[in-house]
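So that the names make sense, note that chain A is the first sequence line, chain B the second, and so on, each numbered from 1.
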Amino acid sequence: MPVPFNLAVELDSVLKSAAAAAGLDAAGFAPEVRVADPKHGDFQANGVLSYAKSRKENPRAVAEKLVAALPETVRAQCDVAIAGPGFINFTLKPAALLAWLRTFSNREALTTGAGAAHAGQTWVIDYSSPNTAKQMHVGHLRSAVIGEAICRLLAFTGARVIRDNHLGDWGTQFGKLIYGFKRWADPAALAADPIAELERLYKLGNNATPDGSPELDEARRELVALQNGDPENVALWQKFSEVSLAAFQQIYDRLGIRFDHNLGESFYNDKVERVYRELTDTGLAVESEGALVVFHPEHPRFKSQPFLVRKGDGASNYATTDLATALYRTEHFNADGIVVVTDFRQSDHFEQLILTVKKWFAAKNYRLPEFHHVTFGAVTGEDGKALKTRSGDVIKLKDLLDEAEERAFAIVTEKNPELPENERRDIARAVGIGAVQYADLSQNRSSNYVFSWDKMLALDGNTAPYLLYAVARIHSIFRKAGVNPADTSADAQAAALETAAEIALARKLVKFPDAIRLATESLRPHFLCLYLFELAGDYSSFNNADKVLVDDPAIRARRLLLCARTLLVLETGLTLLGLRTLTRM
RNA sequence: GCGGUGGUAGCUCAGCCGGAUAGAGCAACGGUUUUCUAAACCGUCGGUCGCGGGUUCGAGUCCCGCCCACCGCGCCA
């Protein structure tokens, strides 16, 4: 019998069969297998409690019947015990742990095992999505980091992932920018740092066009000219987009991000008429105070708080383009799932959007993809307020990443002064950027998080340096042994796991699939972070308790096997989070 | 006013459909290295899970009320 990837899922289905064999009402029985507290076992089934309760039976008696009906193959692999009011605990035997570790021996095997979850599905992920002609700042960090991790998790679990950067590249601000550009553009500054110059020109344009002024009318005429296809303004707008994307890509390169599409708001310009028409035809949208709006009468708030899909002046807004975008992703990409990653302040908007899409698609008989708004809290300084520079300015993302690398470089230089500078620079890039990414990902994304250089760069605790250090130490052992960690040819010599630290590590390793499942189902990468942190802790304990490179070939082989799999899982997991791992630090 | 998110150890946070004696890290205190990276490991101390009710075999988790913080709520995105 092949070794299953996710043992919890396997036990769940085994218990369902056992329920039928034991004469239980199998259709009404959910085993509820989950990862157990290690002191009780590896996995625990709690389902008999609610089953027995609803049928007024004795839960322990039900559990005993169920356990008696378990196939011999399960008993061969696990110790099974009934505990407390009727929990069923499964503790894997060392031989079963070893069998799993031998089976899932490389990235391909893990990918194949995990790939069943979203096999054959297409998911469109909308993240980062900055405004063109503006620099990315600290507020753009979380969407990019969380979005990329979600992309990688979905791809790992079998989905075809389409990364779409939904740029803010349209709207009234371009009239003011063109107005400023035509008057004050500095060619030298434009060549040196185009985005900074565009930002300066926008500010000049904005300041020069106060409400009610003839200058504002002029800026509006520039916008109308752009929208009507005036060649000069269109060329300028295209230039703004090009230099913006080039600048964004410099940030994305450092974060390991590469988009498949940059379909910004402008792309949907010619697609909004259909939205108006279909929402009106289906009766979903109505005129209100001169605008076209959608109410949701069944909703406590949106029955009176409108979703405004066309402004009173006839222009579209972001609700319109977001509706057009949802349709395009469904029809053109054939999406099974759509994920939009933005901060929590847009929750109302996306709740209204999703409600509207559901009704609209149902009325038109369009296939409805899963639609998730992945929200995240604010990044704050240690005072709990929005993160700013000392002078109170917005922190540019480029400066933040630079500082991360500089701080990491100082630490590497202090710890390992003998390494050549270019290697210390390379380590500092991986550790510094990784620290920023990991700090963002390791916390439940719903809450705000406090940005602290000292905490994210610490070598203790749930941090990127701690995990990267564990990886580097394992590589160090293989260097000393003169063995390639990917080489599995000596695995057969591995004796059964024996010491407490070996077994604890192996028991943690086999739970990787559950961490992937949790993180992916909930679109919350922190579940994977927590798992990797615990795994690194178990590895460090093992590393401290048991010497790997001992003379006894059987012991050496099994410990090298454990090291190799720990390395595999840590590197796979960190890669899924978007981090780059190191062989030395 | 309506709604969203949060409130768990001194600090920063986990706690997956309700499950066993609520867990980590930091800080504090005490240990461990002739050793594969001590950037490590082990231990001790630390809790009225915001407050009050309720549901039940069982509540940090679900329901009701209240308090506090942040955020959103008609033509910005």
Side-chain angles (χ1 to χ4, degrees), chain A residues 30 32 34-37 39-40 44 46-47 49-50 52-53 59 83-87 89 129 131 168 170-173 265 288-293 299-302 304-313 315 317-319 321-322 342-349 351 375 377-378 380 382 384-385 411-412 414-416 431 442-444 446-450 452 454-455 457-463 465-466 468-470 472-481 514-515 517-519 521-522 524 526-527 529-530 533-534 537 540-545 547-550 559 563 584-585:
Chain A
E32 290 180 35
R34 66 187 61 185
V35 170
D37 184 325
K39 67 190 168 199
H40 297 126
Q44 176 176 72
N46 292 341
L49 288 165
S50 53
K53 182 182 176 182
F87 307 119
N89 292 324
S129 306
N131 293 326
W170 203 247
T172 52
Q173 71 270 27
E265 289 166 348
S288 168
E289 298 177 25
L292 189 66
V293 307
H299 194 279
R301 192 158 24 103
F302 303 144
S304 55
Q305 182 181 322
F307 190 48
L308 220 145
V309 299
R310 189 176 60 204
K311 301 194 284 185
D313 64 2
N317 64 1
Y318 77 130
T321 51
D322 279 358
T342 78
D343 77 83
F344 66 108
R345 287 174 301 198
Q346 298 189 37
S347 296
D348 273 6
H349 167 73
E351 200 179 333
T375 65
T380 73
E382 305 204 36
K385 293 177 183 163
I411 294 170
V412 177
E414 181 199 336
K415 301 290 183 187
N416 273 319
V431 172
S442 60
Q443 190 169 318
N444 187 336
S446 298
S447 39
N448 293 352
Y449 97 88
V450 179
S452 162
D454 290 342
K455 286 202 168 94
L457 286 166
L459 284 305
D460 302 303
N462 191 4
T463 66
Y466 178 77
L468 294 173
Y469 178 64
R473 287 178 93 183
I474 300 174
H475 276 292
S476 172
I477 291 176
F478 281 100
R479 269 196 303 275
K480 178 158 182 183
D514 193 70
R517 179 192 62 77
L518 265 177
E521 279 181 1
S522 60
R524 291 183 190 273
H526 79 282
F527 285 115
C529 295
L530 184 65
F533 172 57
E534 289 175 353
S540 292
S541 301
F542 158 77
N543 184 73
N544 201 256
K547 186 170 168 62
V548 175
L549 301 179
V550 293
R559 290 185 183 164
C563 286
R584 195 193 309 270
M585 68 181 267

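Phosphate proximity of B:rC76 to A:K311: present, with a side-chain N or O under 4.0 Å from OP1 or OP2. Using a 4.0 Å cut-off, some side-chain N or O of A:S540 falls inside it from OP1 or OP2 of B:rC41.
Side-chain proximity of A:S541 to B:rU12, B:rC42, B:rG4: nearest is B:rC42. Of the candidate nucleotides B:rG19, B:rC16, B:rG23, B:rG23 has the atom nearest to the side chain of A:K39. In this structure, the nucleotide among B:rC73, B:rG19, B:rC11 sitting nearest to the side chain of A:K455 is B:rC11. Closest contact between the side chain of A:N448 and the listed nucleotides B:rA39, B:rG74, B:rC70 involves B:rC70. Side chain of A:H526, nearest nucleotide from B:rG19, B:rC41, B:rG15: B:rG15. Here the nucleotide nearest the side chain of A:L459, chosen from B:rG58, B:rA20, B:rA40, is B:rA40. The listed nucleotides are B:rA39, B:rG15, B:rG4; the one nearest the side chain of A:N416 is B:rA39.
Place A:K415 and A:F533 on RNA chain B by their nearest nucleotides, and A:F533 ends up nearer the 5' end. Residue order along RNA chain B, read from the 5' end via each residue's closest nucleotide, puts A:S304 first among A:S304 and A:G171.
Rounded to the nearest Å, the gap between the C1' atom of B:rA20 and that of B:rC26 is 29 Å. Between B:rG65 and B:rA9, the two C1' atoms lie 28 Å apart (nearest whole Å). Distance check on atom P: B:rU12 versus B:rG58 gives 35 Å, rounded to whole Å. Comparing the C1' positions of B:rA69 and B:rG50 gives an interatomic distance of 11 Å, to the nearest angstrom. If you take atom C1' in B:rA24 and the same atom in B:rU8, they sit 13 Å apart, rounded to whole Å. Taking the C1' atom of each, B:rC57 and B:rG18 are spaced 12 Å apart, rounded to whole Å. B:rU48 and B:rG10 are spaced 7 Å apart, taking the P atom of each and rounding to whole Å. Nucleotides B:rC68 and B:rG74 have their C1' atoms positioned 30 Å apart, rounded to a whole Å.
The partner of B:rC49 is absent, by the rule that a Watson-Crick or G-U pair needs both atom distances under 3.5 Å. With a 3.5 Å ceiling on both atom-pair distances, B:rG60 lacks any Watson-Crick or G-U wobble partner. Nucleotide B:rC73 is matched to B:rG1 when pairs are restricted to Watson-Crick or G-U wobble geometry with both distances under 3.5 angstrom. Across the strands present, B:rC29 finds its partner in B:rG43; the criterion is a Watson-Crick or G-U wobble pair with both atom distances under 3.5 angstrom. With both pairing distances under 3.5 Å, B:rG6 is matched to B:rC68 as a Watson-Crick or G-U wobble pair.
A:S442 places no side-chain N or O within 3.5 Å of a backbone atom of A:C529 that could act as its donor or acceptor partner. Side chain of A:E289 to backbone of A:G312: no donor-acceptor contact under 3.5 angstrom is found. Judged purely by atom type and a 3.5 angstrom limit, A:R524 has no side-chain atom pairing as donor or acceptor with the backbone of A:L518. A donor-acceptor distance shorter than 3.5 angstrom exists from the side chain of A:S541 to the backbone of A:G537, with no hydrogens or angles considered. A donor-acceptor pair is defined here as one N or O able to donate and one able to accept, closer than 3.5 Å; no such pair exists between the side chain of A:D343 and the backbone of A:A378.
Residues A:V431 and A:I411 have side chains not in contact (no heavy-atom distance under 4.5 Å, counting atoms from C-beta outward).
A pairwise comparison of heavy atoms in A:K455 and A:T463 identifies O-CG2, 3.2 Å as the closest pair. Nearest heavy-atom pair, A:G168 versus A:E265, reported as atom, atom and distance to 0.1 Å: CA-OE1, 3.7 Å. Here the closest heavy-atom approach between residue A:L459 and residue A:M585 is recorded as CD1-CE, 4.5 Å. The nearest pair of heavy atoms linking A:A472 to A:R479 is O-NH2, 4.3 Å.
Across all strands shown, A:I474 has no heavy atoms under 4.0 Å from either base or sugar-phosphate atoms. Among the protein residues, A:G312 comes within range of the nucleic acid bases, having at least one heavy atom under 4.0 Å from a base atom. Counting non-hydrogen atoms under 4.0 angstrom, A:L530 reaches the backbone sugars and phosphates but no base. Heavy atoms of A:A83 sit under 4.0 angstrom from at least one base atom. Within 4.0 Å (heavy atoms only), A:N89 reaches at least one base atom of the nucleic acid. Among the heavy atoms of the strands lying under 4.0 Å from A:E289 is at least one base atom, whether or not backbone atoms are also near. Nucleic acid contact for A:P465: none, since no nucleic acid atom lies under 4.0 Å from a heavy atom of the residue.
A:D460 places its CG atom 5 Å from the P atom of B:rC26, with the value rounded to the nearest Å. B:rA24 atom C1' lies 13 Å from atom CD of A:Q443, rounded to whole Å. Atom-to-atom, CZ of A:F302 to P of B:rC73 comes out at 11 Å; the value is rounded to the nearest Å. Rounded to whole angstrom, the span from the OH atom of A:Y466 across to the C1' atom of B:rA39 amounts to 11 Å. Going from atom CG of A:N46 over to atom C1' of B:rA59 covers 15 Å, rounded to whole Å. The CZ atom of A:R301 sits 12 Å away from the P atom of B:rG74 (whole-angstrom rounding). The separation between A:R517 atom CZ and B:rC16 atom P is 12 Å, rounded to whole Å. Residue A:R34 contributes atom CZ, which lies 7 Å from atom C1' of B:rG19 at whole-angstrom precision.
In this model, no side-chain donor or acceptor of A:E265 finds a partner on the base of B:rA77 within 3.5 Å. At a cut-off of 3.5 angstrom, counting only N and O atoms as typed in the model, there is a donor on one side and an acceptor on the other between the side-chain of A:S288 and the base of B:rG74. You won't find any donor-acceptor pair under 3.5 Å spanning the side chain of A:Y469 and the base of B:rA39, going by distance alone. No hydrogens or angles were tested; on distance alone, nothing pairs the side chain of A:D343 with the base of B:rA77 as donor and acceptor under 3.5 Å.
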Report, one pair per line, the protein and nucleotides 31-36 of chain B atoms (nitrogen or oxygen only) whose separation is under 3.5 Å.
{"residue": "B:rC36", "atom": "O2'", "partner": "A:I477", "partner atom": "N", "Å": "3.4"}
{"residue": "B:rC36", "atom": "O2", "partner": "A:L549", "partner atom": "N", "Å": "3.3"}
{"residue": "B:rC36", "atom": "N3", "partner": "A:V548", "partner atom": "N", "Å": "2.9"}
{"residue": "B:rC36", "atom": "N4", "partner": "A:N543", "partner atom": "O", "Å": "2.8"}
{"residue": "B:rC36", "atom": "N4", "partner": "A:D546", "partner atom": "O", "Å": "2.9"}

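A 6.0 Å sphere centred on CZ of A:R345 holds no more than 12 heavy atoms belonging to other residues, nucleotides or ligands.
You'll find the ring centres of A:Y466 and A:F533 inside the 6.0 Å limit.
Anti is the conformation of B:rC63, whose glycosidic angle sits further than 90° from 0.
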